[in-house]
Novice: 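Can you read through this structure? Questions will come right after.
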Amino acid sequence: MSVPVLSAQNIGKSYGSGANRFDALKGVSLDIQAGESVAIVGKSGSGKSTLMHLLALLDDPDSGTLLVEGTDARKLRGKEVNRLRNQDFGFVFQQFFLTANATVLDNVVLPLKIAGVPPRERKARGMAALEQLELADKAKNKAINLSGGQKQRAVIARALVNNPKVIFADEPTGNLDTATGAVVEDILFALNKDKGITLIIVTHDIELAARCDRQIFIRDGLEDTTESGAPRKRHAGAHAGAHA
Amino acid sequence: MKFIDIVKTAIANSFRSKLRTGLTVIAIFIGAFTLTITSGIGTGVTSYIDTQVSAIGAADVLTVSKSADSTSSTTDGPAAYDPTKATTVSLGNGSRPGTTIQALTAKDLTKIEKTPGILGVDPSVRVTPDYIEYDGKGKFEIIVNATATLTKADLAAGSQLSNASTTDQILLPTTYLKNLGFTNAKAAVGQTVSIGITDYTGAQQEVKATVVGVQNETILGVGAGLNQALTDTLHAIEVTGAPAGATDSYATATAHFDVASTPAEITTIKDDLAKQGYASQTVADQIGSFQTVINVIIGVLNSFAVIALIAAGFGIINTLLMSVQERTREIGLMKAMGMNGGRVYTLFSTEAVFIGFLGSALGALAAVGVGSLVSNILANGVFSALPGLQVVQFAPSSIAIIIGVVMLIAFLAGTLPARAAARQNPIDALRYE
């Protein structure tokens, strides 16, 4: 069996202290293999976003161990963590986090700029990523002038531009209407299938979760093993209602 | 992130909120403008003084007088009368009205001459001729420039006075030419003028002198310059018929020392003279005290400008703190994408430095423009009587220093917001709504 890209062993995270102490994550273990698509499903406040932040090395766990390709994340130096986040990870956010007044191309090449890639190469790779998402004609437009679906495609282009191994998507369709959401989903799963990019999607949308290879249900900071696996119909109905 | 990208991004960021950046830039602009103007005035006035007394001719000369405190002191009351001491003499124009100092006598001159390092001593004599006339074209009052032999004149035509020459030489200011009947400065050089002077008995005599040069009006001494030969001639006439001993006292004397003396040696000579009760100044000392006054005034003006800049520094802090607040998510995003805290810090510091540069460069530029304009208008107007005076002059080095200092202040002001930005946690920043 190959070494998992990411392996969490009983990781926990809490915020605050004393009476205000809040255990966001109480000990979750999971392995994510390269090329997998995994959905982390749960209600808001369940700890699913905290889990994703820990997996993406955006935050340090209070307990347990996180292995990145077999290496303990705690032993990684700041520089290596930054390199991992910059080169190996791509992020797709519900709120897009595009710089409104910068051009679409400038937004997309931001990770390359941080990596110190020269301008010419930056432009070429940025345009390639935009073409892949059929946004090349919008490259010179300001990000603020894009529609919701175009914005999310720009965000995916940004996540892709460094050819990452893993894409973390936090509610990628949360701010989109059903039709546009479906297009974005198709793009993400195509990247997973065609390029073998590991996909970790955080969502409370059970239908989106169902399209992934595997679902991990999080409830009150713990994995809900009774539900993990194939989603049941009644959950789909309940969440659809809550979503509308 | 490469440094060039950080600079480009910082510049682009500072233009994102144009109004806010603009207002901060204006605050810095005012400070830098003031600082540039005051330093320009400093440069202008100093360089004018330097050209006025340019290449101070008599570097080997000390002006010696009796120390003021040797006559009386405020706490002990008047000193006991000493019949051998000379009476006080009034100082010439330029000193406080009614000021007198203890006169130097022949005995004093001998004492000064015996001081180690002094090669020779001449009493300074002041002559007061009555009139000057050229070619019978009318008599005009003449003012004698007492410092003419100590300094090199700013010549309009002709040559400098020669103290070694035995011929009677005179150096005319440009302002005398028209009244005396000369068409221009060149025409006056080499001509002979008559100088009228009254002797001790009241009889008026006339002396011929050759015009060797024409000088531009100076601020340190207005009037005609006379060489030592002419001064001696006029002085001899002035004391004709005076009772013996009546003129044997002088306000000041000129002592010569070796021109190759080091500053330390000059100081030793001055200290020696001070011990004997004589105050002495080199020409450089006299001009130095004049420049000190100007430097103090410039210093006060500069300190006001610096206060304005410090206030502007707080403007930078405020602007950038707001900027950090506004860009919390963007900073979080950059950190999530692997940008380290140091780079974030550099990004915001660079933005502060850029705002500082923008304000100071614009301020300095505007100051140079306005200063040059005003200076030209003044030079042709109010100061037209002082040819060569450019009140405001700009030295590229001092402008560079001003811009550098403002950028440093901006950098210091930027450290606080930049630290705040660098310490942002990507998670908190991304959650921030």
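Below, chain A is the first sequence line, B the second, and so on; all start at residue 1.
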Novice: Output the distance between atom NZ (B:Lys8) and atom NZ (A:Lys113), rounded to the nearest 0.5 Å.
Specialist: 8.5 Å
Novice: Taking B:Arg16, B:Met337, B:Lys335 one by one, which has the highest count of heavy-atom pairs under 4.5 Å against chain A?
Specialist: B:Met337
Novice: How many angstroms lie between atom CG of A:Leu112 and atom CG of B:Asp5, to the nearest 0.5 angstrom?
Specialist: 10.5 Å
Novice: Are any side-chain N or O atoms of A:Arg85 and backbone N or O atoms of B:Met339, one a donor and one an acceptor, separated by less than 3.5 Å?
Specialist: no
Novice: Work out which heavy atom in B:Pro426 is nearest to a heavy atom in A:Leu58; give both atom names and the distance.
Specialist: CG-O, 4.2 Å
Novice: Take a 6.0 Å sphere around CZ of B:Phe357 and say whether it holds more than 12 heavy atoms from other residues, nucleotides or ligands.
Specialist: no
Novice: State, to 0.1 Å, how close A:Val117 and B:Lys2 come at their nearest heavy-atom pair, and which atoms those are.
Specialist: C-NZ, 4.3 Å
Novice: Does B:Asn376 have more than 12 heavy atoms from other residues, nucleotides or ligands lying within 6.0 Å of its CG?
Specialist: yes
Novice: For the atom pair CG (A:Asp59) and CD1 (B:Ile427), what is the distance rounded to the nearest 0.5 Å?
Specialist: 5.0 Å
Novice: Got A:Phe93 and B:Leu333 here, is their nearest side-chain heavy-atom distance under 4.5 Å?
Specialist: yes
Novice: Quickly, which of A:Leu98, A:Leu110, A:Thr99 forms a side chain to side chain contact (heavy atoms under 4.5 Å, CB included) with B:Glu330? Name it, please.
Specialist: A:Thr99
Novice: Which atoms of A:Phe168 are under 4.5 Å from chain B, going by heavy atoms: the side chain, the backbone, both sets, or neither?
Specialist: neither
Novice: More than 12 heavy atoms of other residues, nucleotides or ligands under 6.0 Å from OH of A:Tyr15: is that the case?
Specialist: yes
